[in-house]
Amino acid sequence: MEEKASPIVNTCSFAGIKPIMVDLPYPQIQVKERNQAYANLLSIDYCGSVSELSAITQYINNESCLSAKDCSLAKTVLGIAVAEMMHLQKLGELISLLGGTVDFIARQQNGRQKMWTPEYLTIPKNPQKMLLADIEAEKGAVSQYRMHIQMINDECIKNILERIILDEEYHIMLLQILIKELS
């Protein structure tokens with residue numbers, strides 16, 4: 001008699017996952033006035049190569065790869081992804097208030113447009129390399145946000161971007177700790 005193979009089951013439960021972020025409120029989502037140039041800048045943060053959409057997708061992919069092997073790490077990565085989703089939502093609101101379009105197209109200052117693509121992602125299979133790629137992506141986001149803050153003359157927007165940077169820096173610190181724990 002032939003034995004039936006047991007199903008392979010992922011027992012990692014993601015119930016109750018909360019965003020992993022700094023415990024500070026976000027400023028109210030508002031802008032001084034409509035400004036297409038600012039909306040275009042934020043579209044790059046929304047869905048450019050270094051963007052919240054790229055971060056979310058990379059973290060979700062990493063979580064999927066990790067969940068059957070290291071549930072605790074997968075839950076942390078998913079919690080960071082949820083925080084990135086909140087950033088994406090806030091940027092989308094700002095883009096809309098500024099009179100821009102939320103459509104997964106990053107609009108460059110030179111008029112070039114590029115739709116988001118998974119080619120933007122770094123997806124290693126090794127957990128340490130995953131976390132290192134995530135750290136580099138977070139550092140890139142912080143740098144880009146700081147550059148955009150210098151280009152924007154609207155304190156409402158700047159305050160929101162500064163608050164997002166706090167989360168990104170927290171994610172970098174947390175990911176660095178996780179790498180040390182894997183060593």
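What you see below is based on every heavy atom in this structure, not just the backbone, and it leaves out hydrogens, waters and symmetry mates.
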Novice: Measure across I95 and A39 and return the closest heavy-atom pair with its distance rounded to 0.1 Å.
Specialist: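 Between these two residues, the closest heavy atoms are CG1-O, 3.9 Å.
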
Novice: Can you measure from CD (E33) to CG (D154) and round to the nearest 0.5 angstrom?
Specialist: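 These two atoms lie 7.5 Å from each other.
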
Novice: To the closest 0.5 Å, what do you measure between OG (S64) and CG (L78)?
Specialist: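 Answer rounded to 0.5 Å: 8.5 Å.
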
Novice: Got R34 and L98 here, is their nearest side-chain heavy-atom distance under 4.5 Å?
Specialist: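 Contact flag for R34/L98 side chains = no.
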
Novice: Looking at Y38 and M151, what are the two nearest heavy atoms and their distance?
Specialist: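 The answer is CE2-O, 3.7 Å.
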
Novice: Would a hydrophobic clustering, with Ile, Leu, Val, Met, Phe, Trp and Tyr connected at side-chain separations under 4.5 Å, put V50 with I105?
Specialist: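 No, it is not one cluster - the side chains of V50 and I105 are not joined through contacts under 4.5 Å.
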
Novice: Calculate, to the nearest 0.5 Å, the distance between atoms CG and CD belonging to D167 and E138 respectively.
Specialist: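 It comes to 9.0 Å.
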
Novice: Would a 4.5 Å heavy-atom cut-off, applied to side chains only, mark T76 and L175 as touching?
Specialist: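 T76 vs L175: side chains apart.
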
Novice: Is the closest side-chain heavy-atom distance between I172 and K139 below 4.5 Å?
Specialist: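 Counting from C-beta outward, I172 and K139 do come under 4.5 Å.
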
Novice: Does this structure show an ion pair linking K90 with E84, if we count only N-O contacts that are shorter than 4.0 Å?
Specialist: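 Salt bridge between K90 and E84, a charged N being under 4.0 Å from a carboxylate O: no.
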
Novice: Does the N159 side chain pair with the main chain of P27, one donor and one acceptor, at a distance under 3.5 Å?
Specialist: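 Checking the backbone N and O of P27 against the side chain of N159, no donor-acceptor pair under 3.5 Å is found.
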
Novice: Among D70, L131, I135, D134, which residue satisfies the side chain to side chain contact (heavy atoms under 4.5 Å, CB included) criterion with L178?
Specialist: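 Going through the options one by one, the only one that passes is L131.
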
Novice: Relative to the ring of F104, is the ring of Y46 parallel (under 30°), tilted (30 to 60°) or perpendicular (over 60°)?
Specialist: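 Because their plane-to-plane angle lies in the 30° to 60° range, the rings of Y46 and F104 count as tilted.
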
Novice: Within the 3.5 Å criterion, strictly below it, is a donor on N10 or S67 matched to an acceptor on the partner's side chain?
Specialist: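 Yes, side-chain donor-acceptor contact under 3.5 Å.
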
Novice: Is a side-chain N or O of Q30 found less than 3.5 angstrom from the main chain of C156, in a donor-acceptor match?
Specialist: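 A pair under 3.5 Å: no.
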
Novice: Atom CG in N153, atom CD1 in I149: separation rounded to 0.5 Å?
Specialist: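 Atom-to-atom, N153:CG and I149:CD1 are 13.0 Å apart.
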
Novice: Verify, without hydrogens or angle tests, whether K75 (side chain) and S13 (backbone) share a donor-acceptor contact under 3.5 angstrom.
Specialist: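 Flag set: sc K75 to bb S13 pair under 3.5 Å.
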
Novice: Run the side chain to side chain contact (heavy atoms under 4.5 Å, CB included) check on N61 and L121 step by step: do they pass?
Specialist: CA-CA 10 Å; N61 183 81; L121 307 179; 5.8 Å; no

Novice: So L41 and R107, do their side chains get closer than 4.5 Å, heavy atoms only?
Specialist: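 SC-SC contact between R107 and L41 ruled out.
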
Novice: So V82 and I20, do their side chains get closer than 4.5 Å, heavy atoms only?
Specialist: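 No, every pair of side-chain atoms sits at 4.5 Å or beyond.
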
Novice: Any luck finding a side-chain donor-acceptor pair between H87 and Y26 under 3.5 Å?
Specialist: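 Yes.
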
Novice: Is it true that, when you exclude D23 itself, more than 12 heavy atoms of the residues, nucleotides or ligands shown sit nearer than 6.0 Å to its CG?
Specialist: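 No, not enclosed.
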
Novice: Is any side-chain heavy atom of V102 closer than 4.5 Å to a side-chain heavy atom of L91?
Specialist: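 No - every pair of side-chain heavy atoms lies 4.5 Å or more apart.
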
Novice: Of the non-hydrogen atoms in G48 and S54, which two are nearest, and what is the gap between them?
Specialist: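 G48 and S54 have their closest heavy atoms at O-OG, 3.2 Å.
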
Novice: Would a 4.5 Å heavy-atom cut-off, applied to side chains only, mark M86 and M21 as touching?
Specialist: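 Yes - at least one pair of side-chain heavy atoms lies under 4.5 Å apart.
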
Novice: How long is the span from the OH atom in Y145 to the CD1 atom in I152, to the nearest 0.5 Å?
Specialist: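 These two atoms lie 10.5 Å from each other.
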
Novice: Assigning hydrophobic clusters by single linkage (Ile, Leu, Val, Met, Phe, Trp, Tyr; side-chain heavy-atom cutoff under 4.5 Å), is W116 placed with I44?
Specialist: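 Per the 4.5 Å side-chain linkage, W116 and I44 are not co-clustered.
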
Novice: With distance as the sole criterion, is a donor-acceptor pair present between the side chains of T122 and Q58 under 3.5 Å?
Specialist: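 Note: T122 and Q58 side chains miss the donor-acceptor criterion.
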
Novice: Side chains of Q109 and N40: donor-acceptor distance under 3.5 Å anywhere?
Specialist: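 Checked: Q109/N40 side chains show no N/O donor-acceptor pair below 3.5 Å.
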
Novice: So L66 and V77, do their side chains get closer than 4.5 Å, heavy atoms only?
Specialist: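 With C-beta onward as the side chain, the pair touches.
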
Novice: Return the minimal non-hydrogen interatomic distance between I165 and R146, and the atom names on each side.
Specialist: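 Looks like CD1-CG, 3.8 Å.
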
Novice: Kindly compute the distance separating CD (E93) from CD (Q89), expressed to the nearest 0.5 Å.
Specialist: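 E93 CD to Q89 CD: 4.0 Å, rounded to 0.5 Å.
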
Novice: Show the nearest heavy-atom pair for residues A81 and I60, with the distance to one decimal.
Specialist: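 Closest approach of A81 to I60: CB-CD1, 4.0 Å.
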
Novice: Looking at A106, is its backbone amide N or carbonyl O close enough to the side chain of Q113 to form a donor-acceptor pair, meaning the two atoms are under 3.5 Å apart?
Specialist: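 The answer is no, because no donor-acceptor pair under 3.5 Å joins these two groups.
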
Novice: Which pair of heavy atoms, one from L24 and one from R163, lies closest together, and at what distance?
Specialist: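 Reported closest heavy-atom pair: O-NH2, 2.8 Å.
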
Novice: Could you tell me whether a side-chain N or O of T101 sits under 3.5 Å from a main-chain N or O of D103, the two making a donor and an acceptor?
Specialist: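 No.
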
Novice: Please confirm whether the backbone N or O of Y120 pairs with a side-chain atom of S49, one donor and one acceptor, at under 3.5 Å?
Specialist: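 No.
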
